[in-house]
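Some notes on the structure that comes next.
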Amino acid sequence: MREFNLLVVPGSPALVRELAPLDESGRKITEALRELVAGDDRPVEIVGSRDERWRTEITGSLRAWGADIQVGGGDYLPELIARYLLPGREIADSRDRIAPLNPDALAVVVVDGPAGLTARAPLALIDGAPSTHTGLQQFLDGAGELPGELAGVVEKRLWLELAQLEAQKTLIASDSTLGVGRYLAAWEVAV
């Protein structure tokens, strides 16, 4: 695989084994991510939503979501999930915007796709969500543009920021078994 300096990872709490022990698809995404960064010693800069609905007063813990797990820092679910996915990594920064990218760090952008891919999904079935999911997979792999409507996507801003980047793109994994689009992608972005 070519080099990368930006990873797109899911922010789903279901990736935490203690919260969703039967989520084999999530486990595969986690394993693929950890294998991808094995031996990479760059500091990590986490980029994720800072919406108040994702905030906890229990710094560095997933207890507010039902798992008494310490991840070493963070007050927002996207950062907590990134820290969980990348245990033991040096976290150089955590913010809610992609730019500016640090040429000496690995940016980890925490975003989810549509949350309405099935009737049992968090948002129930949303018209247009399946085509958004397909379009996001193509976009993350460099085979298409960002879908225009982003039907079913709860947090759109970071997707719009990703669309502004010139990058060599590779989609490594994608999943929708829980009714939410989850993706792992590695991009080489010019900085």
Side-chain angles (χ1 to χ4, degrees), residues 4 6-16 19-20 22-33 36 46-56 62 64-66 76-82 84-85 95-99 101 107-189:
F4 58 88
L6 183 145
L7 295 175
V8 175
V9 303
S12 168
L15 294 168
V16 177
L19 294 175
L22 302 179
D23 181 16
E24 286 304 315
S25 297
R27 218 83 51 241
K28 289 176 183 174
I29 290 173
T30 300
E31 290 168 9
L33 170 61
L36 185 65
I46 299 170
V47 181
S49 173
R50 295 290 176 98
D51 190 291
E52 283 302 308
R53 71 180 141 193
W54 309 126
R55 182 171 170 71
T56 178
L62 287 158
W65 287 272
Y76 294 89
L77 182 61
E79 179 181 0
L80 296 170
I81 295 299
Y84 175 85
L85 293 173
R95 60 185 185 268
D96 67 347
R97 300 271 179 202
I98 295 174
L101 289 173
V108 176
V109 181
V110 183
V111 291
D112 284 315
L117 293 172
T118 67
R120 296 182 61 199
L123 300 181
L125 183 61
I126 293 177
D127 286 341
S131 62
T132 296
H133 177 61
T134 299
L136 288 174
Q137 291 173 84
Q138 293 168 347
F139 167 71
L140 289 168
D141 204 35
E145 299 297 319
L146 185 71
E149 185 181 339
L150 293 177
V153 175
V154 175
E155 298 277 345
K156 295 177 172 69
R157 186 182 48 77
L158 287 175
W159 284 108
L160 297 174
E161 289 186 30
L162 285 168
Q164 299 302 310
L165 301 175
E166 292 291 325
Q168 297 295 315
K169 305 173 184 180
T170 304
L171 178 65
I172 296 166
S174 176
D175 175 63
S176 63
T177 57
L178 300 179
V180 177
R182 301 187 293 182
Y183 318 101
L184 172 60
W187 289 11
E188 179 63 28
V189 181

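Throughout, numbering of the chain's residues begins at 1 and tracks the sequence. Values below: every heavy atom of this structure, side chains too, minus hydrogens, waters and symmetry copies.
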To the closest 0.5 Å, what do you measure between [atom1] ([X]) and [atom2] ([Y])?
X: T30; Y: L15; atom1: OG1; atom2: CG; value: 4.5 Å
X: D23; Y: I29; atom1: CG; atom2: CD1; value: 7.5 Å
X: D175; Y: Y183; atom1: CG; atom2: OH; value: 9.5 Å
X: T170; Y: L7; atom1: OG1; atom2: CG; value: 10.5 Å
X: L125; Y: T118; atom1: CG; atom2: OG1; value: 7.0 Å

Sorted by chain and residue number, the ring-ring contact (aromatic ring centres under 6.0 Å, His included) partners of Y76 (sequence neighbours excluded) come out as none

Let me see the working for L6 and I98 under side-chain contact (heavy atoms from CB on, under 4.5 Å), right down to the final yes or no. CA-CA 10 Å; L6 183 145; I98 295 174; 4.3 Å; yes

For the student: nearest non-hydrogen atoms of [X] and [Y], plus distance:
X: G181; Y: L117; value: N-CD1, 3.5 Å
X: A82; Y: V108; value: CB-CG1, 4.4 Å
X: A167; Y: V189; value: CB-CG2, 3.8 Å
X: A121; Y: G116; value: CB-CA, 3.9 Å
X: T56; Y: A64; value: OG1-CB, 3.5 Å
X: G48; Y: P78; value: CA-CB, 3.9 Å

Residues V47, R95; criterion side-chain contact (heavy atoms from CB on, under 4.5 Å); working and verdict: CA-CA 5 Å; V47 181; R95 60 185 185 268; 4.2 Å; yes

Is the closest basic N to carboxylate O distance between R27 and E31 below 4.0 Å? no

I'd like to know whether V111 forms a side-chain contact (heavy atoms from CB on, under 4.5 Å) with E161, so could you lay out the CA-CA distance, the side-chain angles of the two residues, the decisive distance to 0.1 Å, and finally the verdict. CA-CA 11 Å; V111 291; E161 289 186 30; over 6 Å; no

For side-chain contact (heavy atoms from CB on, under 4.5 Å), just list the numbers for W65 and V16, CA-CA rounded to whole Å, side-chain angles, deciding distance to a tenth of an Å, and then say yes or no. CA-CA 10 Å; W65 287 272; V16 177; over 6 Å; no

Quick one, K28 with E24, criterion salt bridge (Lys or Arg N to Asp or Glu O under 4.0 Å). Give me CA distance, side-chain angles, the key distance, then yes/no. CA-CA 6 Å; K28 289 176 183 174; E24 286 304 315; over 6 Å; no

Using only atom types and a distance under 3.5 Å, with no angle test, would you say the side chain of [X] pairs donor to acceptor with the backbone of [Y]?
X: W187; Y: L140; result: yes
X: R157; Y: D96; result: yes
X: W159; Y: D112; result: yes

Do [X] and [Y] have side-chain heavy atoms sitting under 4.5 Å apart?
X: L123; Y: P114; answer: no
X: V180; Y: S12; answer: no
X: R182; Y: T177; answer: yes

Qualifying residue for side-chain contact (heavy atoms from CB on, under 4.5 Å) with L77, from V110, L62, D51: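 Of the listed residues V110, L62, D51, the side-chain contact (heavy atoms from CB on, under 4.5 Å) partner of L77 is L62.
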
Considering only distance and modelled atom types, tabulate donor-acceptor pairs under 3.5 Å from the side chains of residues 143-156, sequence neighbours left out.
{"residue": "E155", "atom": "OE1", "partner": "S49", "partner atom": "OG", "Å": "3.2"}
{"residue": "E155", "atom": "OE2", "partner": "S49", "partner atom": "OG", "Å": "3.4"}
{"residue": "E155", "atom": "OE2", "partner": "R53", "partner atom": "NH2", "Å": "3.0"}
{"residue": "E155", "atom": "OE2", "partner": "W54", "partner atom": "NE1", "Å": "2.8"}
{"residue": "K156", "atom": "NZ", "partner": "V153", "partner atom": "O", "Å": "2.9"}

